[in-house]
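Have a look at the structure below, then the notes.
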Amino acid sequence: MFEAVEMPEDKASFYRILVAQAKALTEGETDTLANLSNVASLIFTTMAKVNWAGFYIARGDQLVLGPFMGNPACVRIPMGRGVCGTAAQEQTTQMVDDVNAFPGHIACDSASQSEIVIPFSENGEIKAVLDIDSPITCRFDEEDRKGLEALAAMLAERIQLNQLNY
Ligand code: SME
């Protein structure tokens with residue numbers, strides 16, 4: 001079973017280990033819901049100063065809440081709305097230092113102050129986003145973006161997101 005290890009503070013090492021752990025957790029498992037659930041838990045339990053971590057799944061013209069850890073969250077987000085909907089529509093990572101200054105930000109948890117959202121696309125089509133919220137401003141920097149995009153790239157290779165896009 002999964003053994004929690006002490007995570008290093010320097011971000012490059014942290015993300016190297018995080019990606020390796022996510023790889024080990026999803027190894028040989030084909031069920032997407034189970035894999036995303038474990039990855040949401042892994043992120044939430046290892047990343048410092050994070051109050052919400054999880055996935056929204058693209059269904060039609062909306063994002064629908066998927067596996068996550070943190071407070072209950074809004075279930076449906078229209079494409080283009082909020083930080084998640086913007087990441088989905090533009091298919092680019094959104095890193096927001098202060099969510100209160102982001103036009104259209106959807107406040108699911110009033111504790112959230114900064115946020116990063118990484119999109120998953122296939123053949124130019126949005127499939128899902130990974131959303132991580134922090135209770136402090138400016139929690140995420142370029143190293144987080146690089147590390148989380150590396151995690152997403154690894155997951156995109158082994159996870160069948162289409163299982164959830166109905
Ligand atoms: N704040 C997000 C909504 C999702 S919650 O943070 C979990 C947004 O503006 O898209």
Side-chain angles (χ1 to χ4, degrees), residues 11 14-15 18-19 21-22 25-26 32-122 124-156 159 161-166:
K11 289 189 179 180
F14 175 90
Y15 284 110
L18 188 73
V19 172
Q21 287 186 322
L25 271 175
T26 54
T32 303
L33 192 57
N35 283 334
L36 293 187
S37 301
N38 262 341
V39 172
S41 167
L42 180 69
I43 293 169
F44 187 79
T45 53
T46 55
M47 279 182 79
K49 299 187 183 112
V50 159
N51 61 306
W52 201 92
F55 296 89
Y56 278 88
I57 313 299
R59 297 213 180 111
D61 58 359
Q62 294 185 323
L63 292 168
V64 181
L65 184 63
F68 72 95
M69 281 183 68
N71 281 344
C74 28
V75 174
R76 291 175 188 274
I77 299 176
M79 295 292 175
R81 281 278 321 280
V83 187
C84 290
T86 303
Q89 190 166 64
E90 297 184 3
Q91 298 187 25
T92 55
T93 297
Q94 301 293 309
M95 201 160 63
V96 180
D97 286 345
D98 178 359
V99 292
N100 299 305
F102 187 93
H105 165 252
I106 301 164
C108 290
D109 185 340
S110 60
S112 300
Q113 300 295 322
S114 58
E115 180 163 0
I116 188 165
V117 181
I118 296 99
F120 291 79
S121 310
E122 243 174 59
E125 225 176 276
I126 186 71
K127 297 289 172 187
V129 301
L130 166 62
D131 179 19
I132 306 175
D133 288 15
S134 170
I136 60 166
T137 53
C138 303
R139 161 65 179 81
F140 306 101
D141 61 17
E142 280 305 318
E143 277 196 285
D144 294 292
R145 176 208 290 265
K146 242 178 88 182
L148 291 166
E149 286 180 348
L151 173 68
M154 185 283 291
L155 287 176
I159 280 183
L161 284 166
N162 284 329
Q163 280 181 16
L164 302 178
N165 301 120
Y166 48 79

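In what follows, every heavy atom counts, from backbone to side chain, and hydrogens, waters and symmetry copies are set aside. Atoms within each ligand, like the ligands themselves, are counted from 1 in listed order.
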Could you walk me through whether C84 and E115 pass the side-chain contact (heavy atoms from CB on, under 4.5 Å) check? CA-CA 9 Å; C84 290; E115 180 163 0; 4.1 Å; yes

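- Residue-environment remark: CZ (R76) stays at or below the threshold of 12 foreign heavy atoms within 6.0 Å.
- Using a 4.0 Å heavy-atom criterion, the residues that approach ligand 1 are W52, Y56, A73, I77, G82, V83, C84, H105, I106, C108, E115, D131, D133.
- With hydrogens and angles left out, the side-chain atoms of Q94 and T86 include no donor and acceptor closer than 3.5 Å.
- A heavy-atom distance below 4.5 Å is not found between the side chains of I118 and L151.
- In this structure a side-chain-to-backbone donor-acceptor pair under 3.5 Å is present from N165 to K127.
- Side-chain contact between V39 and T26: present, with at least one pair of heavy atoms (C-beta onward) separated by less than 4.5 Å.
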